[in-house]
Structure formats: C-alpha cells, structure tokens
Amino acid sequence: MTAAPFCSVRGLSVRYGQEAALKSVNLDLIEGERLAIIGESGSGKTTLGRTLAGLLPDRARVEGSISWPALGHAPLPGRDFGLVLQDPGTSLNPVLTIGEQIAESARQHLGLSWRQALAHAEELLERVRLPQPTKAMRAFPHQLSGGQRQRVSIAAAIAAKPALLIADEATSALDVVVQAEIVKLLDGLVREEGMTLLFITHDIALASGFVDRVAVFRAGELLEAGPVRSVLSSPADAYTAALIVSHRDLSTPPLIAEVAP
Ligand SMILES: Nc1ncnc2c1ncn2[C@@H]1O[C@H](COP(=O)(O)OP(=O)(O)OP(=O)(O)O)[C@@H](O)[C@H]1O
Ligand SMILES: [Mg+2]
C-alpha cells in the first residue's frame, strides 16, 4: 500500500506485570483504512487500542515507539480519536442527558457555543439513525436499548470529527441483528467522514465483511497483517488458518468472494 501511515508502531512491548501483554509489535495504520485487530481473549487487542489512545494504566510498562506522521503529535482523546467500547453503559454518563453528553464534546473540541453544540448533537443523532432524535436529546442513557446506546456512543465519539475511530468490541454485547446494523452504521460513517478505523474484535467473520486489512494477534504477538482477502484465502500463519476454519462460513469460497469490495 502506498498511502502514508497514519500511525506507525515499532517494537511495541507492553507489560502490566511479569507477563508481556504485547511483544515487539510492528504495525502501520494507513490513513483512511479500516483495520481489524483480531485475536482470542487475552491476545492484547485492547492493550494495543489503549496504548495508541494513551490510555494505559500508570503501572503499565511500555517499550518501543509510536509515531503519528499525519497528526504530528500524540492524538488527543475526543478531538483526534473517538472511542467506542463494548459496554456503552460505562462510556456514557448516567446523569447527563444524551444531548448534553454529545454536545459537551462538540463544545469542547469544536469551539461551538452551547446552543450550536446542542444543534450539532441533534444532527449527529440523526446521522447515527437514532429514532426520534429530538426526543432522545432529553433522554438519559438508561432509557434507551443497548443498540440505541451504542448509536449514542458512536455519535459522541465522532462529535468532534476525529481522524481516527477506535472501536473495541463495539458490537460484542449486542444481538446478531443489532450487531449487523451497528457495523453497517460504522462502515458508512467512516467512509463519509474519511476516518481511519481500528476495529478491535475477536470475531473474524464479522470484521472481514467490511474492513480493508486484518492484523491477527495471539498471546501479545502480531502473527500477520494484510489485506482481508489475502489473509482469508491464504493465511500465512497456522493460527489464522484455524481461526478461519472455526468460522465455517469463512472457509468456504463463496463467502470469501463476497468479501470483495
Ligand atoms: N489493567 C491490566 N492489569 C493487568 N493485566 C492486564 C490489564 N489489562 C490487560 N491485562 C492482561 O494483558 C493481557 C492482554 O489483555 P487485553 O485486555 O489486551 O486482551 P484482549 O485481546 O483485549 O482480550 P479480550 O478479547 O478478552 O478483550 C491479558 O493477559 C490480560 O490479563
Ligand atoms: Mg479486549
């Protein structure tokens, strides 16, 4: 790929205690791409996302380098990247209305007045296809369904028009139908805004339906990274092959063909 890296990770190792959660990882994130980080539980996916976001706990020990050529500085939460997590219940503030929490990010990072920020928040609720956005502005998170809350988290994450969206198991807590709707929404928004997407998931089948590249992790090591079609059709690592075989849908040629853009 010829595009400049948006983020370049070199020799990245992270340890919380004795055990390394990431081991000498080298990985480029290309501007405007959708990159899936795949791997079983404990493989270091969240640690990678948190390291890029500068959100590791203090006791984590980090070696190696991360550079952001396109930004020229470490990304600022909310402004340069948005985060969408598995449980929107933890990322949304239960005592603020939906409108207030989205507007706050827009006010802070886009320099809008409160009134303008509220108008922007309502537009965002329309963009994430939340039903009855005007009414939802005054609702509290607990009054919405899980899927609706995830739409709100996405609206909050993109409120300041960040260049990067990090989605960490953003659809894992949702049922299959809602999961597909949220993936479709993320895919559309990322394309429209030209955002770079880091889509962290244990579900290779879900990711491979819409990302450009996949990076496969196991026990803190990056096993392989490449375009989704080549990784699916000819995985370089036996572990990736096993992951693909475990999703029977992916190991049959017709569905691999469907992955084509
Ligand atoms: N805050 C922490 N303190 C101590 N150890 C941690 C911490 N966070 C993660 N780890 C350890 O680091 C390793 C990688 O964890 P990480 O959460 O990055 O994996 P993951 O791939 O995101 O897993 P999952 O799919 O379950 O979310 C695991 O062994 C985990 O126990
Ligand atoms: Mg995780």
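In this text the structure is predicted, and so the values were computed from the model without any measurement. Sequence positions, counted from 1, serve as the residue numbers for this chain. Each ligand, and each atom within it, is numbered from 1 in the order the structure gives.
Look at E19 and you'll find every heavy atom at least 4.0 Å from all atoms of ligand 1. Within the 4.0 Å heavy-atom shell around ligand 1 one does not find G39. Residue contact annotation: Q86 has no non-hydrogen atom under 4.0 Å from ligand 1.
Counting the atoms of ligand 1 from 1 in the order shown, those under 4.0 Å from a heavy atom of E40 are 21 (O). For ligand 1 and T47, the ligand atoms under 4.0 Å from any heavy atom of the residue are 14 (C), 15 (O), 16 (P), 18 (O). Ligand-side atoms of ligand 1 in range of A21: 12 (O), 13 (C), 14 (C), range being under 4.0 angstrom from any heavy atom.
With hydrogens and angles disregarded, no donor-acceptor distance shorter than 3.5 Å links the side chain of R107 to the backbone of A117. With D168 contributing its side chain and L85 its backbone, the two residues share no donor-acceptor pair below 3.5 Å.
Inclusion of T46 in the first shell of the Mg ion (ligand 2) is supported: an N, O or S atom falls under 2.8 Å.
Salt bridge status for D237 with R218: absent, with no side-chain N to carboxylate O gap under 4.0 Å. Salt-bridge formation is not detected for the pair E181/R129: no Lys NZ or Arg NE/NH1/NH2 atom is positioned less than 4.0 Å from an Asp or Glu carboxylate oxygen. The pair D28-R10 meets the salt-bridge criterion, since a charged nitrogen lies less than 4.0 angstrom from a carboxylate oxygen. By the 4.0 Å N-to-carboxylate-O rule, E193 lies too far from K161 to be salt-bridged with it.
The N/O atoms of P57, backbone and side chain alike, include none that comes under 3.5 Å of an N/O atom in ligand 1. Ligand 1 has an N or O atom lying under 3.5 Å from an N or O atom of G42, backbone or side chain.
Counted within 6.0 Å of CD on E63, heavy atoms from surrounding residues, nucleotides or ligands total 12 or fewer; the atom is thus considered open.
Of all the heavy atoms of K45, the ones lying under 4.0 Å from any atom of ligand 1 are found in both the backbone and the side chain.
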| message | Let's go through E100 and W114 carefully: what are the C-alpha distance in whole Å and the side-chain angles of both, what is the deciding distance for side-chain contact (heavy atoms from CB on, under 4.5 Å) to 0.1 Å, and is it a yes or a no? | response | CA-CA 9 Å; E100 285 166 345; W114 187 241; 4.0 Å; yes

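At a distance under 4.0 Å, no protein heavy atom can be found next to atom 31 (O) of ligand 1.
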